[in-house]
Amino acid sequence: MASAASSLTIASSFSEPRTQIHSSKRSNLPLQYSIPLNKAVRRSRTRRLGLVVSSVSAPNVELRTGPDDLISTLLSKVANSDGGVTLSPEQHKEVAQVAGELQKYCVKEPVKNPLIFGDWDVVYCSRPTSPGGGYRSVIGRLFFKTKEMVQAIDAPDIVRNRVSINAFGFLDGDVSLTGKLKALDSEWVQVIFEPPEIKVGSLEFKYGFESEVKLRITYVDEKLRLGLGSKGSLFVFRRRQ
């Protein structure tokens, strides 16, 4: 109805006015002289009408995409990619672009937001070896298949990382890290992890040394969390159901 009313308004605004000419003397101008003038007036008015109609019917509208749409797009791009392993360089760029748009909607001071706590699936990392270490390297993946990667953040400051693997096609196991969370500012956190612990069947032991990571929280809500490592690794965490 609004479109129809607009069309009527445009039409009525540009309809030709009725002009009455009063003269005591009859014009001696020949009829063919006035016809081209009337055509020129009509063409001019038609051009002006066309400009106004086009400006109304084709406005310059800026389309905006909200966080829910961006989250759906991001999750679809990383789905079934083994945490990002199977994606091409171009696909990694697309993930980074969507993540960059999504972080514009991040809450202020995400480190202080209680939404960071909970259990999260690590569904993507731009560097495959960042979660899982050597088990996720090119050679490691020949012998160890990743079943799932989980990060749990428990209030007030405990972080638990776990990578579930299948070794050699018949042994199930877990590699886990437990660390202490420390806020560096409103966006950055530091986690100091104890030596990793591995469990395969009935065998369980610790090995290696302590490790430290720094991560910037660039987005968090009820469903998704984004993190950017100090060395540039992009992480996508999806809250576990």
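Being a predicted model, the structure only gives us computed values, none of them experimental.
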Group every Ile, Leu, Val, Met, Phe, Trp and Tyr by side-chain heavy-atom contacts under 4.5 Å, then state whether I153 and Y219 land in the same group.
no
Please set out all donor-acceptor pairs under 3.5 angstrom arising from side-chain atoms of residues 110-121, sequence neighbours excluded.
{"from": "N113", "atom 1": "OD1", "to": "L115", "atom 2": "N", "distance (Å)": "2.9"}
{"from": "W120", "atom 1": "NE1", "to": "I116", "atom 2": "O", "distance (Å)": "3.1"}
{"from": "D121", "atom 1": "OD1", "to": "R240", "atom 2": "NE", "distance (Å)": "2.9"}

State which residue, out of T146, D174, D172, fulfils the side chain to side chain donor-acceptor pair (under 3.5 Å) condition with S164.
D174
Tell me whether T86 contacts the main-chain N or O of S81 through its side chain, where contact means a donor paired with an acceptor under 3.5 Å.
yes
Between Y105 and V236, is there a shared hydrophobic cluster once you connect ILVMFWY residues whose side-chain heavy atoms come closer than 4.5 Å?
yes
State plainly whether the residues E194 and K180 are in salt-bridge range, i.e. N to O under 4.0 Å.
no
Within the distance-only criterion (no hydrogens, no angle test), does the side chain of T218 pair as donor or acceptor with the backbone N or O of Q103 below 3.5 angstrom?
no
Close side-chain approach of L75 to L224, heavy-atom, < 4.5 Å:
yes
Atom OG of S72 and atom CG of L70: how far apart are they, to the nearest 0.5 Å?
9.0 Å
Quick one: are D82 and L87 in side-chain contact, heavy atoms under 4.5 Å?
no
With rounding to the nearest 0.5 angstrom, report the CD to NZ distance, Q91 to K93.
12.0 Å
Contact summary for R141 and P128, nearest pair of heavy atoms:
NH1-CB, 4.0 Å
Summary of salt bridge (Lys or Arg N to Asp or Glu O under 4.0 Å) pairs that have at least one residue in residues 223-233, sequence neighbours excluded:
D68-K223
When F235 is tested against each of V123, L215, L228 for side-chain contact (heavy atoms from CB on, under 4.5 Å), which residue passes?
L215
Heavy-atom count around I139 CD1 within 6.0 Å, excluding the residue itself: above 12?
no
Among R216, K214, K108, which one satisfies salt bridge (charged side-chain N to carboxylate O under 4.0 Å, His left out) with E187?
R216
Validation row: R160, Q151 side chains within 4.5 angstrom (heavy atoms):
no
Is any side-chain heavy atom of L226 less than 4.5 Å from a side-chain heavy atom of I217?
no
Using a 3.5 Å distance criterion without hydrogens, assess whether the side chain of E101 forms a donor-acceptor pair with backbone atoms of V98.
no
Give me the other members of the hydrophobic cluster that L184 sits in, counting Ile, Leu, Val, Met, Phe, Trp and Tyr linked by side-chain heavy atoms under 4.5 Å, directly or via other members.
W188
Apply side-chain contact (heavy atoms from CB on, under 4.5 Å) to T129 and list each qualifying residue two or more places apart in sequence or on a separate chain.
S137
Quick one: do the S126 and S233 side chains pair a donor with an acceptor below 3.5 Å?
no
Tell me whether V138 shares a hydrophobic cluster with I165, the cluster being built from Ile, Leu, Val, Met, Phe, Trp, Tyr side chains joined at under 4.5 Å.
no
Would you say F209 and P195 make side-chain contact, with heavy atoms under 4.5 Å?
no
Should L102 and V107 be regarded as members of a common hydrophobic cluster, given that ILVMFWY residues are connected when their side-chain heavy atoms come within less than 4.5 Å of each other, either directly or indirectly?
no
Quick check on R239: does its CZ atom have over 12 non-hydrogen neighbours (other residues, nucleotides or ligands) under 6.0 Å away?
yes
Does I198 form a side chain to side chain contact (heavy atoms under 4.5 Å, CB included) with F205? I'd like the steps, not just the answer.
CA-CA 6 Å; I198 186 169; F205 60 93; 3.1 Å; yes
Could you walk me through whether N166 and K147 pass side chain to side chain contact (heavy atoms under 4.5 Å, CB included), step by step?
CA-CA 7 Å; N166 178 270; K147 297 169 61 179; 4.3 Å; yes
Mind checking side-chain contact (heavy atoms from CB on, under 4.5 Å) for F170 and listing every partner two or more places apart, or none if nothing turns up?
F168
Consider only side-chain heavy atoms of I, L, V, M, F, W and Y, link residues closer than 4.5 Å, and tell whether L74 and Y124 are in one cluster.
yes
Give, for atom CE of M149 and atom CG of N161, the distance between the pair rounded to the nearest 0.5 Å.
10.5 Å
OH/Y207 to CD/E197 distance, rounded to the nearest 0.5 angstrom?
10.5 Å
With rounding to the nearest 0.5 angstrom, report the OG to NZ distance, S176 to K199.
9.5 Å
Results of side-chain contact (heavy atoms from CB on, under 4.5 Å) for A167 - residues two or more places apart only:
F144, L171
Answer yes or no: is there a side-chain heavy-atom contact under 4.5 Å between L181 and I158?
no
Please step through side chain to side chain contact (heavy atoms under 4.5 Å, CB included) for the pair Y135 and V163, ending with a clear verdict.
CA-CA 9 Å; Y135 299 97; V163 178; 5.7 Å; no
A side-chain contact here means heavy atoms from C-beta on lying under 4.5 Å apart; do K182 and V191 qualify?
no
Check whether H92 reaches the backbone of C125 with its side chain - one donor and one acceptor, N or O, closer than 3.5 Å.
no
